[in-house]
Amino acid sequence: PPGGTVLVLYMRRQNMKVRINATGDTVVMKFLRPSPDMKLEGYILGYGSSMFSKQFIQLPENGEPYEAELDAEPKYLVAVQPIPANDVKKHCTGKVNLEKPLHLVIGSVSPTTVLLSWGNHLKTPYVGNIMNECLEDGFYTIRYRERNRKWIYQTCPTSDTVIDNLKPNTPYEFGVRSNKDDQSGMWSKPVVHNTNMARNTPVHTGNTPDLPARSPLKLLLSSFFLFSSDKVNNLKQTDKLPILKPKVPAVTAKPTKPERKHTTTVAPATAGTGESWEDSDLFKSQPTSDVDALGKKRFVAPHVVYQTGKKPEEPCSITSSLNYFLEAEPGEANVTSPPRTPPSNLTVVTVEGCPSFIILDWEKTDNDTTEYEVISTAKGPDGEQVSILTTNQTHTAVENLKPESSYEFKVKPKNELGAGPPSEPVSFNTESADPRVSENVSGKDAIWTQFPFKTDSYSDCHGKQYVKRTWYRKFVGVQLCNSLRYKIYLSDSLNGKFYNIGDQTGFGEDHCQFVDSFLDGRTGKQLRADQLPNRPGFYRAVRQEPVHFGQIGGHSHVNYVSWYECGTPIPGKW
């Protein structure tokens, strides 16, 4: 409409004014900061009636505009938050309470999207200010899944979030818990929500201009804000908005397993090995060497199988080992009772020279089983520690094991009506840690803290995020694919952006130094700089060299990669 629309967002007694002008196929929003020492961060929380996805907009520095093309819809919602420079925490209001479960409520936004809201007291979604409530010294973990499927996890610094890319007309189970340091609170009471929803339930605030539906729309965000850094982040005005989505691995049909140790031909694994572990010559009942790197005798038992062939200089890889285990698409089961028979042939598959993980494999129980509870018990001088994993496959990796430690494993079948009898427990002792893998700097061992950080993302990993301080006054951030495969980032500050690390002479193999590994690591797809997007980041040429900040990718002759395997497990505690 002529003259535009002014939308005022009330943020902690600070008026954030947004002037919206719609002209032709372009919407221009100008954000007026409340005070000179404020900077602006925000994201599009959702827009339109047919698509509503949480998207983070990292506003460019020095007042440069940000432009992206969207499919126009008549309604949209924008949330912005002013924050004082270098003082994010003063806007966090919540106190971490690990003793009591949180109250979780869920509202439908579209057939494929929900808005979660939670707190120590019962609350309803859409009231109060989005992004207002966060924890002083902690964060939240959200988990969700289709009924009787694997959990999908993501972290969130605030008490509201949007989850999209769900299946329509499908029941999902949701939970949330609070975290502080290395401790986690109780999961909230499970909430089952069905995504079957009428499409005419929009969620929006403020006055929004009526726009022609499904016509190309350019959204131009002009910010008039100064930033404290003099390092310019040259985002292209045509960059698309990055959508924050959990990555769900693809699965393929899994044939019935042959009996153990028989040479029966089965369908090949899909991840590139061409054979299953039962048929590969790399998997043997005896290790190549009876002793490990420190001369300790390796554990041998009828239920233990060794994967041999890893070269000493190669990093351990959970992903490579799992390539030999076929994934099955879980079928729909009309269960009439809890499972009646225990899993059989529980096998421990271990890799020579890799004490931090094993893979458990077992035979399917009966048709009433929809998932399995894998119970791992560490036995030591401090008593017993128990860890429980849930999977809908007949194998799983158990990660972050301690070297030279005793464990017991068993598997219990489950369905929505209850649990069946567990398998017979099997024992296993991990071997010694390879002294050549980690660099132990006295008094400066890595202490990883789970902490959600903002990334200039180029990553194949979408799991938990951890940070630690480096030996030369920078922060290392990692995002996990699993405990041995992760993306490594660097940042000057804990609350600042974490950037990619470029390599002038290779493909980041020596960046394993940042996670205290001496090994030259495996890395993701190795593309030349001119095949990669130009972006700001840290870079160096050789191990031990201090990093510099500048342009990587593009015409810079500086390469970067999407993941690393360094042989060092993160967080490394169990």
Side-chain angles (χ1 to χ4, degrees), residues 41 56 58-62 86 227-236 239 242 439 441 444 446-449 451-462 465-481 485-566 568 570:
E41 69 175 15
F56 182 80
Q58 181 64 48
L59 293 176
E61 299 176 0
N62 301 326
N86 302 320
F227 287 72
S228 58
S229 174
D230 59 355
K231 296 168 182 175
V232 179
N233 179 3
N234 291 324
L235 289 177
K236 296 179 181 178
D239 281 352
E439 296 176 336
V441 182
K444 296 182 180 180
I447 300 176
W448 294 101
T449 301
F451 183 83
F453 54 84
K454 291 181 290 188
T455 68
D456 179 28
S457 187
Y458 175 78
S459 176
D460 287 338
C461 298
H462 305 273
Q465 293 176 311
Y466 292 86
V467 297
K468 76 174 182 71
R469 193 72 178 266
T470 70
W471 42 271
Y472 57 95
R473 290 182 284 186
K474 282 199 170 30
F475 289 93
V476 175
V478 297
Q479 187 159 21
L480 303 186
C481 284
R485 177 178 288 195
Y486 28 76
K487 174 62 188 250
I488 307 174
Y489 300 94
L490 285 179
S491 177
D492 285 318
S493 67
L494 188 60
N495 292 311
K497 181 182 285 188
F498 281 68
Y499 290 94
N500 284 267
I501 313 169
D503 194 335
Q504 292 173 297
T505 58
F507 292 93
E509 295 89 347
D510 64 288
H511 296 166
C512 287
Q513 179 185 8
F514 297 119
V515 295
D516 300 313
S517 172
F518 97 98
L519 291 178
D520 281 344
R522 283 196 199 91
T523 63
K525 190 172 183 180
Q526 298 183 348
L527 300 174
R528 299 190 313 271
D530 58 7
Q531 297 175 290
L532 294 165
N534 182 270
R535 62 193 339 128
F538 293 97
Y539 64 89
R540 71 180 189 186
V542 294
R543 183 179 285 262
Q544 301 292 353
E545 178 189 357
V547 294
H548 312 279
F549 190 87
Q551 292 302 307
I552 61 177
H555 299 294
S556 67
H557 302 290
V558 182
N559 312 306
Y560 55 93
V561 293
S562 58
W563 57 260
Y564 302 81
E565 285 184 338
C566 297
T568 300
I570 296 175

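Bear in mind that the values here come from a model prediction, so they are computed numbers and not experimental data.
- Under the 4.5 Å side-chain criterion, counting only non-hydrogen atoms from C-beta, Asp520 is in contact with Arg543.
- At least one donor-acceptor pair under 3.5 Å links the side chain of Thr505 to the backbone N or O of Ala541.
- Between Val547 and Phe514 the shortest heavy-atom distance is CG1-CZ, 3.8 Å.
- With rounding to the nearest 0.5 angstrom, the CZ atom of Arg535 is 11.0 Å from the OG atom of Ser556.
- By the ring pair (Phe, Tyr, Trp, His ring centres under 6.0 Å) test, Tyr560 pairs with Tyr458, sequence neighbours left out.
- A donor-acceptor pair is defined here as one N or O able to donate and one able to accept, closer than 3.5 Å; such a pair exists between the side chain of Asn559 and the backbone of Gly506.
- Between Gly508 and Tyr564, the shortest heavy-atom distance links the atoms O-CE2, 3.2 Å.
- Annotation: the span from Gln513 atom CD to Gln544 atom CD amounts to 4.0 Å, rounded to 0.5 Å.
- Atom OG1 of Thr523 and atom CG of Asp510 lie 10.5 Å apart (nearest 0.5 Å).
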Start with the C-alpha gap between Gln504 and Tyr539, add the side-chain angles, then the distance that decides, and say whether side chain to side chain contact (heavy atoms under 4.5 Å, CB included) holds.
CA-CA 7 Å; Gln504 292 173 297; Tyr539 64 89; 3.7 Å; yes
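- In this structure, Lys468 satisfies the cation-pi test against Trp448, with its NZ or CZ atom closer than 6.0 Å to the six-membered ring centre and inside 45 degrees of the ring normal.
- Looking only at side-chain heavy atoms (C-beta outward), Phe498 and Lys454 stay at 4.5 Å or farther from each other.
- Of the possible donor and acceptor atoms, one in the side chain of Arg540 sits under 3.5 Å from a partner among the backbone N and O of Val542.
- Two residues are said to be in side-chain contact when any heavy atoms from C-beta on lie closer than 4.5 Å; Ile570 and Leu480 meet this criterion.
- When side chains are defined from C-beta on, Phe451 counts as touching Leu494, because their heavy atoms get closer than 4.5 Å.
- Between the side chains of Lys487 and Asn500, a donor-acceptor pair is found at a separation under 3.5 Å.
- To the nearest 0.5 Å, the span separating CG on Leu532 from NE2 on His555 amounts to 12.0 Å.
- In this structure a side-chain-to-backbone donor-acceptor pair under 3.5 Å is present from Ser491 to Lys497.
- The aromatic rings of Tyr489 and Phe453 stand perpendicular to each other, their planes meeting at an angle above 60°, with 30° marking the opposite boundary.
- Residue pairs meeting the disulfide bond (SG atoms under 2.5 Å apart) criterion with at least one member in residues 491-550, sequence neighbours excluded: Cys512-Cys566.
- Between Tyr499 and Phe549, a ring centre-to-centre spacing shorter than 6.0 Å is recorded.
- Legend: residues meeting ring pair (Phe, Tyr, Trp, His ring centres under 6.0 Å) with Phe475, ordered by chain and number and at least two apart, are absent.
- Expressed to the nearest 0.5 Å, how far NE2 of His511 lies from OG of Ser517 amounts to 13.0 Å.
- Remark: Glu565 pairs with Ser317, Arg485, Arg522 by the side chain to side chain donor-acceptor pair (under 3.5 Å) rule, at least two apart or across chains.
- In this structure, the side chain of Asn534 does not engage the main chain of Gly554 through any donor-acceptor pair within 3.5 Å.
- With sequence neighbours left out, Tyr486 forms a ring pair (Phe, Tyr, Trp, His ring centres under 6.0 Å) with no residue at all.
- Looking at Asp460 and Lys525, no side-chain N of the basic residue comes within less than 4.0 Å of a carboxylate O on the acidic one, giving no salt bridge.
- Residues Gln465 and Thr455 have side chains in contact (heavy-atom distance under 4.5 Å, counting atoms from C-beta outward).
- For Glu509 (side chain) and Phe507 (main-chain N/O), a donor-acceptor pair under 3.5 Å exists by modelled atom type.
- A heavy-atom distance below 4.5 Å is found between the side chains of Ile488 and Val515.
- Here His557 pairs with nothing under the ring pair (Phe, Tyr, Trp, His ring centres under 6.0 Å) rule; sequence neighbours left out.
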